[in-house]
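Each remark here refers to the structure printed beneath this line.
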Protein chains: 4
Amino acid sequence: MAPNATRRSERSHRAILEAALELVAEVGYPKLTIEAIAARAGVGKQTIYRWWPSRAAVLLDAFVDLGERAAGEEPYVIPDTGDLEADLRGVLRATVDELLSPAYDLPYRALAAEGIVNPEIAAEFVRRVLEPSAQRYVERLRAAQRAGQLAADLDPRIAVELMTGPITARWLLRTLPLTHAYADAVVGMALRGLSPR
Amino acid sequence: MAPNATRRSERSHRAILEAALELVAEVGYPKLTIEAIAARAGVGKQTIYRWWPSRAAVLLDAFVDLGERAAGEEPYVIPDTGDLEADLRGVLRATVDELLSPAYDLPYRALAAEGIVNPEIAAEFVRRVLEPSAQRYVERLRAAQRAGQLAADLDPRIAVELMTGPITARWLLRTLPLTHAYADAVVGMALRGLSPR
Amino acid sequence: MAPNATRRSERSHRAILEAALELVAEVGYPKLTIEAIAARAGVGKQTIYRWWPSRAAVLLDAFVDLGERAAGEEPYVIPDTGDLEADLRGVLRATVDELLSPAYDLPYRALAAEGIVNPEIAAEFVRRVLEPSAQRYVERLRAAQRAGQLAADLDPRIAVELMTGPITARWLLRTLPLTHAYADAVVGMALRGLSPR
Amino acid sequence: MAPNATRRSERSHRAILEAALELVAEVGYPKLTIEAIAARAGVGKQTIYRWWPSRAAVLLDAFVDLGERAAGEEPYVIPDTGDLEADLRGVLRATVDELLSPAYDLPYRALAAEGIVNPEIAAEFVRRVLEPSAQRYVERLRAAQRAGQLAADLDPRIAVELMTGPITARWLLRTLPLTHAYADAVVGMALRGLSPR
DNA sequence: GTATAATCGAGACGGTACGTCCTGTCTTCGA
DNA sequence: TCGAAGACAGGACGTACCGTCTCGATTATAC
């Protein structure tokens, strides 16, 4: 029943991931079908069904693979120049750029949309895509706490979300345009708070 | 080509909206089909296609209608007790409750998921669901600015998102559990900021 | 329940018959729909359903009407020149021409096809189209019997069919081309018989 | 595009042909739908559309298959007892019986009706059903010519139609009842001719 | 000359079937 | 022995018509 992974064709595997990314960009997620992926990859449908349970799982693998190839070997770490606000602006602006870039936008959206409605995919998406990114923020914020640049008693995990949450929500729900200025404003408000000082 | 709205059957209209809400709760959005809605509503498929362009549009109408019936006549306004933090905690906790309630959760998620991938639906969803809610926050924050409880120079629209964004993102992406405590923490951090005071 | 024929709109009546004939020639009987007839005639569907039970009934009326308009006032009679064979050749050749003429071919075929599968239409078609024509043959053959040109003991009704049957069958089933030569051959064989004399 | 016939499911193939014959007998040709055939055969609609272009083509295959199974192995040949008239009466009476038998009547009529309006089907129907039967008559008539029982100069093909045409026409158009007596009368008139001897 | 009632054009309605696309499973055949 | 190829049962799509049913807006007698 369980396929023997050692005999898996790496050639087909890669072709499937590439076909999935190409197709989601070309026709959009709702029209991304297993049949189209198989045809584009020059692969039998069964070869997809053998290794993945759904088109979302294929796309998730493809997207993670895309991220890994883009990142290269060394894992990305948020820089620590001593200026917390500048560092956070930098990383949030980079996030905005990524969310708006064509290569990421469509598959990312597709996976988010699927995850919203499908908890299994959501869990995998969080584990493999969102959580590693969140951890980098948490580390940077912990360093800031140690340096006395951040209130010592606050939960860094929630602090992260105070900045990434607005960005993510605006991107997903398309309430208003997502810009560098917005990222800067979010960082500023989050650090200094809304109350008058 | 365009149907004559004055001859529309109100009976069928209502039955379709109700069937859509029932079915999305029963079988989930991916399995919500026009055929099932028509069958449940005791209606021909063409009667749905005559008035809506897609199942997402049906569900959006149904959801807005649900909100209007729930709200009753008087539009909801965020209370102003003078204690801004308490007022915001109250409304964010209520939002959390709503997002977690079965009647809202599934259709809301479905529309969000559709909107992520479908800009037309997103625009309508924002216009009819999110924007009215955001305006209520903006008004409350403007009142707080006039009362000197909020920094006078900040954009209230972005300030709203500093609080609703984290809630929305956590709910949509299921990164971590969505609770009253989280809502309280978000309000606290947003008002006082992350930097030490 | 039964509509009042005196109030019937002659204008609509004629428009419907014309539309039916035009459409059957343009798109063929299988695609001849009540909706298309109504649209072409500038008439509500109900006006057709009020006066006819089916599209075949409409077409039958239209076809009979066409025949009546073509025939003019005086009813056609098979000529009696004294030369039976020549007279029969003449009328059978005329029948062949009619069957092959575009104005008659398509509606005639349509009604025959419908009648084959639908006994009610068949009965009406026979009564209003085929029978009057058969009677004219019977009369001519009776005259021939009186003149001693035809065996006295044979049933003229069957004798008619010996000549019209082959023509009709070849036309309906398209076994072989329908020509004047074929009509002549049929008349000759029928009169003289297949056995050697 | 073109399906691979070697992989065709014989099981489904047979089930479809049987279902088509059953249904045409039960509900009639106008209500014979692809969906009903598929449901009755326990088959997906696509399996029908993959192998046949229309319901008429399915029914034609089913009817030919029925004829082949009924005929068994040895092809039917018109007997030659030396008495031409008796032999022809026998075969025409058998044809009348067949045309009136429930198993043949409905599918046969359906195909004739379709062929009247649809030349492609007509051509196939003629080639596979009518032509083989006509050839058997032609052979018998040729033998009769050689035996001097039939005028030597007449075209046997047309001679066949002089007898089958009236039968076919009466059956298709339902002008008058189709009986053994009628078949006998047709044979008699055809052999001896209408003219007095 | 109006009333008044049936017919009219129009088209929405609950349905059925169409022919297509895709799902997920299963089978065949060539490398 | 695996994988490409694709046939299969099934289900939903979006469209086209069916025959029924309301709607006003003419009409065309009967008052």
Side-chain angles (χ1 to χ4, degrees), chain A residues 3-4 7-9 11-12 15 31-39 41-51 53-55, chain B residues 1-9 11-13 15 30-39 41-51 53-55, chain C residues 2-13 15 31-39 41-51 53-55, chain D residues 1-9 11-13 15 31-39 41-51 53-55:
Chain A
N4 178 340
R7 292 187 167 264
R8 180 170 194 176
S9 158
R11 199 176 181 292
S12 298
K31 292 188 183 166
L32 177 71
T33 68
I34 297 274
E35 291 210 330
I37 296 172
V43 138
K45 282 200 289 177
Q46 198 55 39
T47 303
I48 299 181
Y49 284 111
R50 186 152 31 232
W51 301 107
S54 67
R55 63 179 184 151
Chain B
M1 203 106 249
N4 179 340
T6 67
R7 300 186 53 183
R8 183 170 193 174
S9 160
R11 198 176 185 293
S12 298
H13 186 172
K31 292 188 182 166
L32 177 70
T33 66
I34 298 272
E35 284 200 341
I37 295 172
V43 139
K45 281 202 286 178
Q46 201 57 46
T47 300
I48 300 182
Y49 285 110
R50 184 152 33 229
W51 301 109
S54 67
R55 64 180 182 150
Chain C
N4 179 341
T6 66
R7 303 187 79 117
R8 181 169 195 177
S9 158
E10 191 51 30
R11 199 175 182 292
S12 298
H13 186 173
K31 292 188 183 166
L32 178 70
T33 67
I34 297 275
E35 292 211 330
I37 296 172
V43 140
K45 283 200 288 177
Q46 197 56 38
T47 301
I48 298 180
Y49 284 110
R50 183 150 36 227
W51 301 107
S54 67
R55 62 178 184 153
Chain D
M1 204 105 249
N4 179 341
T6 67
R7 302 186 52 184
R8 183 169 192 174
S9 160
R11 199 177 183 291
S12 297
H13 187 172
K31 292 188 183 168
L32 177 70
T33 67
I34 298 272
E35 284 201 338
I37 296 172
V43 139
K45 279 200 289 178
Q46 199 57 45
T47 300
I48 300 181
Y49 285 109
R50 182 151 38 229
W51 301 109
S54 67
R55 64 181 183 151

Can you check the C/Ile34 CD1 to F/dT20 P distance for me, whole Å? 11 Å
Indicate, yes or no, whether a donor-acceptor pair under 3.5 Å links the base of E/dC8 to the side chain of C/Gln46. no
When we call it a touch if two heavy atoms are under 4.0 Å apart, what does B/Thr6 touch: a base, just sugar-phosphate, or nothing? nothing
Starting at CH2 of A/Trp51 and ending at C1' of F/dC2, how long is that distance when rounded to a whole Å? 10 Å
Among the nucleotides E/dA17, E/dC8, F/dA12, which one has an atom lying closest to any side-chain atom of C/Ser12? E/dC8
Nearest-Å distance for atom pair CD1/C1', residues C/Ile37 and F/dC18: 13 Å
Examine E/dG14: is either OP1 or OP2 under 4.0 Å from a nitrogen or oxygen in the side chain of B/Thr47? Give yes or no. yes
To the nearest Å, give me how far apart CD1 (B/Ile48) and P (F/dT15) are. 13 Å
Rounded to the nearest angstrom, tell me the gap between atom CD in B/Glu35 and atom P in E/dC21. 17 Å
Tell me the interatomic distance from A/Tyr49, atom OH, to E/dC26, atom P, rounded to whole angstroms. 13 Å
So, does C/Arg7 get its side chain near the phosphate of E/dA5, meaning an N or O under 4.0 Å from OP1 or OP2? no
How do B/Lys31 and C/Arg55 order along DNA chain F: which one's closest nucleotide is nearer the 5' end? B/Lys31
Which nucleotide, F/dC8, E/dT20, E/dA17, lies nearest any side-chain atom of D/Thr33? E/dA17
Hey, is the side chain of B/Lys45 pairing donor to acceptor with the base of F/dG14 inside 3.5 Å? yes
Is the number of heavy atoms from other residues, nucleotides or ligands within 6.0 Å of CZ (A/Arg8) greater than 12? yes
Specify the residue among A/Pro53 and B/Ser9 whose closest nucleotide of DNA chain E lies further upstream toward the 5′ end. B/Ser9
Heavy-atom nearest nucleotide on DNA chain F taken for A/Arg8 and for D/Gly42; more 5' hit belongs to A/Arg8
How many angstroms lie between CD1 in C/Ile37 and CD in C/Glu35, if you round to the nearest 0.5 Å? 11.0 Å
side-chain N/O D/Arg50 vs F/dC8 OP1/OP2, d < 4.0 Å: yes
Keeping D/Arg50 on the side-chain end and D/Pro3 on the backbone end, is there a donor-acceptor pair under 3.5 Å? no
Quick one: pull up CD in B/Gln46 and CD1 in B/Ile48 and give me the separation to the nearest 0.5 Å. 10.0 Å
What is the minimum heavy-atom distance between A/Leu32 and A/Arg55, and which atoms define it? O-NH1, 3.0 Å
Roughly how many Å is it from CZ in A/Arg11 to P in E/dA31, rounded to a whole number? 15 Å
Roughly, in whole Å, what's the span from CG in D/Asn4 to P in E/dC29? 8 Å
